[in-house]
> 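Encoded as structure tokens, here's the structure I'll be asking about.
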Amino acid sequence: MVFHIDRGLTPRVADPAHVLRQGVHDQVLSLLMLVVGVLLLIVPMATQAGPKDAQVNEFVVGLVVTFTAGTRFFRGAGPLSDTVVGAAGVWLIVSPLLLDAQNTGIVAADRVLSFAAGSVLVVLSLLSLLVWRLDRKQRGTTTPSLVPRSTAGPSHQ
């Protein structure tokens with residue numbers, strides 16, 4: 001049997017809910033984004049199926065997502081990284097339609113991969129933005145408004 005005696009040397013966290021939300025935001029969601037980015041890098045190269053335009057498109061988006069998700073681990077995440085990942089996801093959803101409109105052959109497997117990965121990235125970025133906003137709201141720190149507050153009018157004495 002082991003007893004743990006706290007002599008006041010263990011640092012305490014002032015707001016454990018904030019630490020949990022920050023961990024989910026910066027680590028769990030970043031890891032999931034990183035997994036999708038790595039899959040976008042590996043799957044098209046491993047299968048070698050489909051036209052090169054679709055593979056290059058998925059490779060470039062995979063690089064952007066992988067590097068963005070990787071920097072989230074070291075620098076912390078914010079709305080900018082969430083927006084970049086969300087925009088990459090939207091591009092993955094829309095790109096098969098745009099590439100097909102340019103008479104570029106798109107294999108059905110590329111469409112499925114692009115749509116699935118893009119949808120996952122959009123959902124993850126929206127969840128990340130939601131967690132970030134919830135954390136800011138709970139902590140009481142909001143981004144400062146660019147519009148100054150108006151006064152209630154002349155003071156009557």
Side-chain angles (χ1 to χ4, degrees), residues 11-150:
R12 298 287 181 219
V13 177
D15 187 7
H18 164 69
V19 173
L20 179 64
R21 286 188 300 265
Q22 187 178 11
V24 166
H25 185 259
D26 290 349
Q27 295 175 0
V28 175
L29 292 174
S30 297
L31 179 66
L32 293 173
M33 290 175 187
L34 187 65
V35 166
V36 173
V38 169
L39 284 175
L40 282 171
L41 291 173
I42 293 175
V43 170
M45 297 299 172
T47 60
Q48 292 293 320
K52 297 297 179 199
D53 292 336
Q55 289 180 2
V56 169
N57 180 41
E58 292 164 357
F59 183 76
V60 169
V61 172
L63 281 176
V64 168
V65 171
T66 301
F67 284 124
T68 303
T71 57
R72 289 170 59 103
F73 281 116
F74 298 109
R75 293 185 44 193
L80 180 62
S81 64
D82 297 333
T83 305
V84 168
V85 171
V90 169
W91 172 251
L92 276 177
I93 294 170
V94 174
S95 65
L97 304 172
L98 295 176
L99 291 175
D100 199 24
Q102 296 176 356
N103 294 329
T104 303
I106 301 291
V107 178
D110 287 329
R111 284 191 182 124
V112 170
L113 176 65
S114 292
F115 185 76
S119 299
V120 168
L121 288 176
V122 168
V123 168
L124 287 175
S125 66
L126 288 175
L127 278 174
S128 184
L129 280 170
L130 182 67
V131 169
W132 179 80
R133 184 171 172 106
L134 178 68
D135 186 48
R136 300 278 289 192
K137 189 175 184 181
Q138 293 294 329
R139 289 183 54 102
T141 56
T142 58
T143 48
S145 175
L146 297 176
V147 180
R149 293 184 190 180
S150 62

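Residue numbers count from 1 along this sequence. Keep in mind that the numbers below use all heavy atoms, side chains included, and drop hydrogens, waters and symmetry copies.
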> So which heavy atom on Ser125 is nearest to which on Gly86, and how close?
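Nearest heavy atoms, Ser125 then Gly86: OG-CA, 3.3 Å.
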> Looking at every non-hydrogen atom in both residues, tell me the closest pair between Leu40 and Gly62 and how far apart they are.
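In terms of heavy atoms, the two residues are closest at CB-CA, 3.7 Å.
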> Do you know the tightest heavy-atom contact between Val61 and Trp91?
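Closest approach of Val61 to Trp91: CG2-CD1, 3.5 Å.
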> Could you report the tightest heavy-atom contact between Val122 and Gly89, atom names first, then the distance?
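Smallest heavy-atom distance, with atoms named: CG2-C, 3.7 Å.
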> For the atom pair CG (Leu39) and CD (Glu58), what is the distance rounded to the nearest 0.5 Å?
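Leu39 CG to Glu58 CD: 11.5 Å, rounded to 0.5 Å.
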> Of the non-hydrogen atoms in Leu121 and Val85, which two are nearest, and what is the gap between them?
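So the two residues come closest at CD2-CG1, 3.8 Å.
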> Whether the side chain of Ser128 engages the backbone of Leu124 through a donor-acceptor N/O pair (distance < 3.5 Å, no angle test) should be reported.
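Absent.
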> Quick one: CG on Leu98 to CD1 on Ile93, what's the gap to the nearest 0.5 Å?
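Interatomic distance, Leu98 CG to Ile93 CD1, rounded to 0.5 Å: 12.0 Å.
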> Between Leu29 and Arg72, is a side chain to side chain contact (heavy atoms under 4.5 Å, CB included) present by the stated rule, with each step listed?
CA-CA 9 Å; Leu29 292 174; Arg72 289 170 59 103; 4.2 Å; yes
> Run the side chain to side chain contact (heavy atoms under 4.5 Å, CB included) test on Leu92 and Phe115 for me, step by step, so that the C-alpha distance in whole Å, both residues' side-chain angles and the decisive distance to 0.1 Å come before the verdict.
CA-CA 6 Å; Leu92 276 177; Phe115 185 76; over 6 Å; no
> So, taking the atom named CG in Leu127 and the one named CH2 in Trp132, what distance separates them when rounded to the nearest 0.5 Å?
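With rounding to 0.5 Å, CG (Leu127) is 15.5 Å from CH2 (Trp132).
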> Within the 4.5 Å heavy-atom criterion, are Leu129 and Pro79 side-chain neighbours or not?
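Sidechains of Pro79 and Leu129: in contact.
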